Structure formats: C-alpha cells, structure tokens
Number of protein chains: 2
Amino acid sequence: METRGEGTPGLSEKLRRGDVFAEQCPSRDILNHLTSRWGVLALMALLDGTRRFSELRRKVGGVSEKMLAQTLKRLEKDGFVQRTDYGVVPPRVEYALTPMGREAARHVAALADWIERNLPRIMGARPGAEDCAGRAGG
Amino acid sequence: METRGEGTPGLSEKLRRGDVFAEQCPSRDILNHLTSRWGVLALMALLDGTRRFSELRRKVGGVSEKMLAQTLKRLEKDGFVQRTDYGVVPPRVEYALTPMGREAARHVAALADWIERNLPRIMGARPGAEDCAGRAGG
DNA sequence: GGTACGTACTTACCAAAAGTTAGTCCAGGG
DNA sequence: CCCTGGACTAACTTTTGGTAAGTACGTACC
C-alpha cells in the first residue's frame, strides 16, 4: 500500500482502485468482512481444503453455529467462499475457498502466523501466561 | 502458517507458539485487536509516521472520537502503539507505531492493499458501484 | 465582556450486533 | 421411545459500537 498521491490520477487509477480509509468505499466493507472476528478464522480453516460445516465448527474454537453460519454466508456472498449443498438429510454441506478467497486467506494467514510466532514477545516473554498447548482442532 | 503437526513438539515448540484457533490462547485476543474494525485502519494510518489524535480522526473516515480513543488505548496496552502526551493545554498527544506494531501493521496493510487492488474483481467489475474517488484523507 | 475554534479525550444513553438457547428434519442405533 | 450427528434458524438476552454532549484551556474575533 503506497502513498496515495493527490496528483492527477494516472492510467492505472482508471481501474478504480479502492481506498479502505474512505468510509463509503466498498473496499471498507470487504475489509471488515475479511477481518471480522470469525471471518478471519473461517478463511484460515479453509486454507487446508474443503470442509463441512461441523468440521469448521470444531476447528474454530469458540464459534457458535449461528455466528459460523452467518459468517460463511457473508463470505459466500462476497465471493470468497463456495458452498456446495448435497441436498440430503441429514444435511451435507461443504465449504471451500474460491481462488479469490484463497488469495485473501493467505494474507490473513500471514498476519496470524506472525502473531503466533511472536506471541512470547508480544506477551512480554511471560512463559506462564502462554498455555496454548491445548490445540483447538486440526 | 503451516500445518501444526500433531507429533511430538520439536525444540521450536518450546517457544510456546500461539494458536489462534484455540479460544483461550492469548494469540486470539491479539488477533482480534489487530483485526478489529478500527484497529486495522489505525495501524495503517500510523505506518506513514507519528500522528496526532485529530489527524488520525480525519484520516480514518467514519471513526468516532470515542472508538478511536478506545482503539488506540487498546493497541497501546498491547504494545503496538506508543502514546506521547506533551501535557499541555490544549492537549497535545502523539501516537506512533512501536517496532512490533510496525511489523503487525505491514501485514495488515498487505491485506488492505490486496483488497484495494482487487476491488473491481471483487465487486464483479461493476464500474458504477466503485466510486472511491473521494479520498477520506491523506 | 461574549462566542467560536481546535485539541484529546470522557460520559450518558441508545442502536446494533454478538451470544445463548431451543428448535427443525431425518436416518440410524440402542 | 430417546439419543446422535448434521446444518442450519428463531427468539431472547447480553455485549459492544455509535451518537451526542460535556470537560478544560489558549487564541481569535466581535
């Protein structure tokens, strides 16, 4: 993200580049969806490949079915997630990242990775406060 | 973010790597703070350098003073932002990224950059729906 | 004298979103 | 009969975000 010069828009500006700092720009909504509490984790959970709803639920510690369903629906609407309903009972539904979703998820995952690797430093190197041995899923 | 093998933790695991999927892991809170609605934009706004409160307010379109203050306080507490109060009236306070905050902000900015560059594609290439010419600040 | 402005917050109250709990439908098992 | 798993949805409660007003003070202007 470079400085946005205030000069005359060049040819590349013709592509209507977004501006997340501008409240009314659609990129703001996209940013909010991708960085939403459960959106971040759902995207990352799908990086490993297609998953069913209940798998995602178990993978993402702390998410409710309601919030997961809501989040996936929104990501699907945005075009980042593809939902496949097999139309059977009990229900069988699978979720997968679209190519665009995969690109977004990689960026999100890079941040999460950085946090996880730097956690001791962030927490001020207090060994007792970082008990993440109990993995949520995976 | 690689697969977290379920095998015996190696020596590197001794460093208590975080796991954002685990609800109780402190990395979850950090992730939520860094990806919060206003946290994302505040971090990015500070990438250009030190700014005063009102500058940030103007730069980040749509944020209220309340939410901005709240967000900056939390980022400061986490160690990503440094606050300098000059103790004068009218108040003069400056905010800057810490080295750690700069690292985090770069990751966040990469995602935002990706969104902005891919906005036409994300919006399905509808030219009429992407009027971001009115820049929020900068 | 008064009002207005900018600064960086804080407070009181309301709106919106998240969270909790229960429910739906069905096949299979005890 | 009840329970389980699956993928949601609805009703209600709790939490967080948003709105509007307030604080204190120096400076500028009428």
Side-chain angles (χ1 to χ4, degrees), chain A residues 20-24 28-43 45-46 50-78 81-96 136-137, chain B residues 20-24 28-43 45-46 50-78 81-96 136-137:
Chain A
V20 292
F21 284 113
E23 186 185 5
Q24 69 286 347
R28 179 66 82 81
D29 285 336
I30 302 298
L31 179 65
N32 288 336
H33 294 174
L34 291 180
T35 56
S36 66
R37 160 166 275 183
W38 304 117
V40 162
L41 296 168
L43 283 171
L46 288 171
T50 302
R51 282 178 183 261
R52 296 180 62 175
F53 185 90
S54 47
E55 282 181 279
L56 287 170
R57 172 83 201 284
R58 286 190 292 271
K59 172 73 179 178
V60 181
V63 73
S64 68
E65 292 170 354
K66 179 204 173 182
M67 292 313 301
L68 183 57
Q70 182 175 300
T71 299
L72 290 169
K73 177 174 294 187
R74 187 160 53 181
L75 291 176
E76 183 194 4
K77 186 180 175 191
D78 284 348
V81 164
Q82 179 173 35
R83 177 176 178 276
T84 306
D85 185 344
Y86 289 87
V88 296
V89 172
R92 178 191 178 94
V93 178
E94 291 180 349
Y95 294 89
Chain B
V20 291
F21 285 114
E23 187 185 4
Q24 70 287 346
R28 177 68 79 84
D29 286 336
I30 302 297
L31 179 66
N32 288 336
H33 294 173
L34 291 181
T35 57
S36 66
R37 160 167 275 187
W38 304 117
V40 162
L41 296 168
L43 283 169
L46 289 170
T50 302
R51 283 178 184 259
R52 296 181 61 175
F53 187 90
S54 46
E55 281 180 282
L56 287 170
R57 172 80 201 286
R58 287 189 293 268
K59 170 72 178 179
V60 181
V63 71
S64 67
E65 293 170 356
K66 179 203 170 183
M67 293 311 302
L68 182 57
Q70 181 175 302
T71 299
L72 290 170
K73 177 175 293 186
R74 188 161 54 182
L75 290 176
E76 184 195 2
K77 187 180 174 188
D78 284 347
V81 164
Q82 179 173 35
R83 179 177 177 275
T84 305
D85 185 345
Y86 290 85
V88 297
V89 173
R92 178 192 178 90
V93 177
E94 292 180 349
Y95 295 88

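Below, chain A is the first sequence line, B the second, and so on; all start at residue 1. Values in this document were obtained by computation on a predicted structure and should not be read as measured data.
- Between A:Lys66 atom NZ and C:dA17 atom C1' there is a gap of 7 Å when expressed in whole angstrom units.
- Taking atom CZ of residue B:Arg37 and atom C1' of nucleotide C:dA18, one finds them 14 Å apart after rounding to whole Å.
- For the pair B:Glu76 CD and C:dC9 C1', the computed distance is 13 Å after rounding to whole Å.
- Nucleic acid contact for A:Ser64: base, since at least one base atom lies under 4.0 Å from a heavy atom of the residue.
- The interatomic distance linking B:Glu55 (CD) with C:dC9 (C1') rounds to 16 Å, in whole Å.
- Residue-level contact check: A:Arg52 touches the backbone only, with heavy atoms under 4.0 Å from sugar-phosphate atoms and none from bases.
- Interface limits on DNA chain D: the 5'-most and 3'-most nucleotides within less than 4.0 Å of chain A heavy atoms are D:dG5 to D:dT9.
- One interatomic measurement links the two molecules: CG of B:Asn32 to P of C:dA18, which rounds to 12 Å at whole-angstrom precision.
- Here the side chain of B:Arg28 pairs a donor or acceptor atom with the backbone of B:Val20 at under 3.5 angstrom.
- At whole-Å resolution of the value, CG in A:Asp85 and P in C:dC26 are 15 Å apart.
- Residue A:Gly61 comes nearest to B:Glu23 through the heavy atom pair O-CB, 3.7 Å, listed as atom of the first residue, atom of the second, then distance.
- Remark: A:Arg57 engages A:Glu65 in a salt bridge, criterion side-chain N to carboxylate O under 4.0 Å.
- Contact record, A:Leu75 with A:Ala42: CD1-CB, 4.3 Å, taken as the closest heavy-atom pair.
- Rounded to a whole Å, the CE atom of A:Met67 is 11 Å from the P atom of C:dA17.
- Nearest-nucleotide assignment on DNA chain C puts the 5′-proximal partner with A:Gly62, out of A:Pro91 and A:Gly62.
- Among all heavy-atom pairs drawn from B:Val40 and B:Leu34, the shortest one is CG2-O, 3.3 Å.
- What you find for B:Phe53 and B:Leu68 is that their closest heavy atoms are O-CD2, 3.7 Å.
- Here the straight-line distance linking atom CG of A:Asn32 with atom CG of A:Asp78 works out to 10.5 Å at 0.5 Å rounding.
- Heavy-atom minimum distance, B:Leu56 versus B:Arg51: CD2-CD, 3.7 Å.
- Between A:Glu76 atom CD and A:Tyr95 atom OH the span is 7.0 Å, to the nearest 0.5 Å.
- For B:Tyr95 and C:dA8, the OH to P distance is 8 Å, given to the nearest whole Å.
- Defining each end axis of the helix from C:dG1-D:dC30 to C:dG30-D:dC1 as the rotation carrying four pairs' C1' atoms onto the next four, with five pairs an end, the two axes are found to diverge by 30° to 10 degrees.
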